[in-house]
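The structure appears below as structure tokens.
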Amino acid sequence: MHPENAKSLAALPPLELLRSFEAAARTLSFTQAAAELFLTQSAVSRQIQQLEAAIGVPLFERRHRALALTEAGAVLQRAVVDSLERLRDATAHVRAAPALRQVAITSTPGFASFWLIPRLAHFTAAHPEVDVRVSATLDVLDLERNRLDLAVRFVPTNRGIGAALFEESVVPLCAPQLVEGGAHPLRQPADLVHHTLLTIDLPQGQALDLDWEPWLTIMGMPELRMKNAVRYTLYTDAVNAALAGQGVVIGRLPLLQEFLQQGRLVAPFGQSASTRRGYYIETARRATQNADAQDFVRWLRAEADAALRAAA
């Protein structure tokens with residue numbers, strides 16, 4: 001505590017003297033105040049005398065069979081009543097306020113948008129008393145510094161830390177209308193030359209089709225030839241453009257598995273390729289003290305297992 005604050009607190013009269021003063025000032029009777037406080041009349045009288053001695057001014061005019069507040073007593077009464085009410089309100093609030101139960105997680109925007117958020121209602125329905133905070137970002141946030149319980153990291157499989165959710169595979173995806181009709185329906189990889197590449201804006205010097213490399217390799221295609229390209233900052237935007245029928249995107253599975261199952265996206269050429277990357281759950285030290293965070297990790301793994309079984 002700062003020395004000045006300590007001096008200020010030391011200058012305050014004891015709380016029991018102020019409580020006796022408040023009761024006596026309100027009832028204008030030491031006898032009634034004593035009854036309220038379960039004290040004797042003489043004990044209340046002594047406490048008022050101690051308070052007056054500590055402050056240095058009389059607080060009551062002691063008349064025959066009656067009490068009246070002095071001007072100083074009236075000023076002090078208003079301050080004491082206000083202070084005691086504030087203390088009562090604050091105490092009631094602290095007692096009534098439940099402890100905040102929260103799970104804070106960070107992940108990539110793609111994982112949050114396409115995999116986590118569509119399933120999150122399953123967790124909140126089973127744990128309605130728990131708040132969930134999702135930080136969806138491409139930045140690798142430090143869990144301790146940002147007060148996060150866990151992260152779902154997207155990393156090469158040989159660098160994964162923590163429990164594995166699933167590995168990633170990729171396959172070209174597009175809206176059904178690009179396969180079913182139009183001037184150049186997508187029937188074979190050579191047909192890509194007539195369609196738009198939907199991709200993310202990679203750092204300068206990296207090829208636009210970098211994410212396609214695993215698939216191009218297994219298909220025996222030395223390069224990807226398409227009519228033109230539209231670049232997006234976020235993968236979520238590229239996928240939304242594909243859903244709107246604006247071109248072909250490299251689909252990351254199982255993130256986009258739901259769109260395939262719903263028929264909103266199709267894989268015109270079938271075979272997918274492993275990227276040797278995956279999603280791993282990294283937990284913070286603080287999460288070991290958070291039972292809800294541990295429940296969330298178990299829920300994530302159970303949802304991942306269920307999704308993989310459904311896709312098999």
Let me check something: any side-chain donor-acceptor pairs from residues 54-66 under 3.5 Å, sequence neighbours excluded? List them with distances.
residue : atom : partner : partner atom : Å
E61     : OE1  : R63     : NE           : 3.4
E61     : OE1  : R63     : NH2          : 3.0
R62     : NH1  : E52     : OE2          : 3.3
R62     : NH1  : F60     : O            : 3.4
R62     : NH2  : E52     : OE1          : 3.1

Salt bridge flag under 4.0 Å for residues R86 and D82: yes

Set of ring-ring contact (aromatic ring centres under 6.0 Å, His included) partners for H194, sequence neighbours left out: H184

Pairs flagged by ring pair (Phe, Tyr, Trp, His ring centres under 6.0 Å) wherever residues 125-155 is involved - sequence neighbours left out: F123-H127, F154-Y279

For E36, all residues meeting salt bridge (charged side-chain N to carboxylate O under 4.0 Å, His left out), sequence neighbours excluded: R26

Pairs touching residues 128-147 that satisfy salt bridge (Lys or Arg N to Asp or Glu O under 4.0 Å), sequence neighbours left out: R101-E129

For T40, all residues meeting side chain to side chain donor-acceptor pair (under 3.5 Å), sequence neighbours excluded: S42

Side-chain donor/acceptor of S20 to backbone N/O of L17, under 3.5 Å: no

Flag, side chain of S272 to backbone of V171, donor-acceptor distance under 3.5 Å: no

All pairs passing salt bridge (Lys or Arg N to Asp or Glu O under 4.0 Å) where residues 171-199 contributes a residue, at least two apart: none

Q271 backbone acceptor or donor facing W215 side chain under 3.5 Å: yes

Partners passing side chain to side chain donor-acceptor pair (under 3.5 Å) against R277 (at least two apart in sequence or in another chain): E168

Student check: side-chain heavy atoms of V103 and L150 closer than 4.5 Å: yes

Linked hydrophobic residues, L141 as query - side chain contacts closer than 4.5 Å: L143, L148

Parallel, tilted or perpendicular: rings of F111 and W115 (30°, 60°): parallel

For residues 236-265, dump all side-chain donor-acceptor pairs below 3.5 Å to protein atoms at least two apart in sequence or in another chain.
residue : atom : partner : partner atom : Å
N240    : ND2  : T236    : O            : 3.1
R252    : NH2  : D211    : OD2          : 2.7
E258    : OE2  : R119    : NH2          : 3.3

F38: hydrophobic cluster co-members (side-chain, 4.5 Å): none

Exam field: side chain T27 to backbone A23, donor-acceptor pair closer than 3.5 Å: yes

side-chain contact (heavy atoms from CB on, under 4.5 Å) involving R231 - partner list, sequence neighbours excluded: T199, D201, L208

